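The block underneath contains the structure these notes are about, expressed in C-alpha cells.
Because the structure is a prediction, the values reported are computed rather than measured.
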Amino acid sequence: MVTLIATTAGEYLTVDEGVYDAVIDSYTQEDDHPEYGPRVKIVVRITEEGDFLDSKVSGICSLKFSDKTKLRTWAEAAIGRKIED
C-alpha cells in the first residue's frame with residue numbers, strides 16, 4: 001500500500017498496491033535530515049484511467065543514489081530501465 005496526502009482535507013488517503021502509469025508532478029528540496037543528509041520530496045501523479053486517476057503519491061528520498069535507495073528505484077521506474085553504475 002502506498003500512502004498519499006489529500007490536498008483538500010488534510011487527511012490521508014490510500015492507493016491500492018500495484019503498478020500504475022504516472023508522471024512526475026513536482027519535486028522540492030527538503031530540510032537536511034540529521035542522520036541521512038540532504039533530501040528531496042518527489043510527487044508523482046497517476047495518469048492511468050481508473051479509481052486513482054490524478055491521485056498524487058509522494059515520497060521523501062535521501063539524495064544518496066546507491067542501488068538500494070528510494071531515489072534510484074524511482075529514477076529507474078521513471079526511465080523504464082536499470083541505471084548502470
Side-chain angles (χ1 to χ4, degrees):
M1 180 180 351
V2 177
T3 301
L4 70 102
I5 299 174
T7 57
T8 55
E11 60 188 52
Y12 290 93
L13 303 173
T14 57
V15 172
D16 292 342
E17 184 175 343
V19 176
Y20 299 92
D21 291 332
V23 295
I24 297 172
D25 189 72
S26 65
Y27 61 92
T28 54
Q29 183 75 35
E30 295 291 304
D31 291 336
D32 288 358
H33 186 278
E35 186 175 345
Y36 304 112
R39 305 176 305 162
V40 65
K41 178 179 181 179
I42 300 173
V43 179
V44 297
R45 182 177 46 82
I46 296 174
T47 57
E48 185 173 317
E49 292 293 329
D51 293 341
F52 303 111
L53 178 65
D54 288 329
S55 295
K56 292 182 181 181
V57 179
S58 66
I60 295 180
C61 306
S62 163
L63 291 183
K64 296 178 182 174
F65 204 70
S66 72
D67 60 346
K68 296 180 182 179
T69 62
K70 185 188 310 181
L71 182 59
R72 180 146 169 187
T73 301
W74 284 28
E76 290 174 340
I79 64 172
R81 65 175 177 81
K82 291 284 189 187
I83 296 172
E84 300 294 325
D85 285 334

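- Hydrophobic clustering (side-chain heavy atoms under 4.5 Å, transitive across Ile, Leu, Val, Met, Phe, Trp, Tyr) keeps Tyr36 apart from Val40.
- Once rounded to the nearest 0.5 Å, the distance linking CD of Glu35 with OG of Ser62 reads 10.5 Å.
- Considering every non-hydrogen atom in both Lys70 and Gly59, the closest pair reads NZ-CA, 4.3 Å.
- Linking Ile, Leu, Val, Met, Phe, Trp and Tyr whenever their side-chain heavy atoms come within less than 4.5 Å leaves Val43 and Val15 in two separate clusters.
- Cluster annotation: Ile42 is not connected to Ile60 through the hydrophobic network of ILVMFWY side chains, with a link wherever side-chain heavy atoms come within less than 4.5 Å.
- By the salt bridge (Lys or Arg N to Asp or Glu O under 4.0 Å) test, Glu76 is found to be paired with Arg72, Lys82, residues two or more places apart in sequence or in another chain being considered.
- Between Pro38 and Asp32, the closest heavy-atom pair is CA-OD1, 3.2 Å.
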Report all side-chain donor-acceptor pairs from residues 18-25 shorter than 3.5 Å, counting only partners two or more places apart or in another chain.
| from | atom 1 | to | atom 2 | distance (Å) |
| --- | --- | --- | --- | --- |
| Tyr20 | OH | Asp16 | O | 2.7 |
| Asp25 | OD2 | Lys56 | NZ | 3.2 |

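- Contact check for Thr69 versus Cys61: no side-chain heavy atoms found under the 4.5 Å cut-off.
- Rounding to the nearest 0.5 Å places CG of Asp31 at 11.0 Å from NE2 of His33.
- Gln29 contributes a side-chain N or O that, together with a main-chain N or O of Arg39, makes up a donor-acceptor pair within less than 3.5 Å.
- Crowding of Phe65 atom CZ: a count of heavy atoms from other residues, nucleotides or ligands under 6.0 Å exceeding 12.
- Closest of all the heavy-atom pairs between Ile46 and Phe52 is CB-O, 3.5 Å.
- Of the inter-residue distances, the one linking Arg45 atom CZ with Leu53 atom CG reads 8.0 Å to the nearest 0.5 angstrom.
- For Asp67, there are no salt bridge (Lys or Arg N to Asp or Glu O under 4.0 Å) partners at least two apart in sequence or on another chain.
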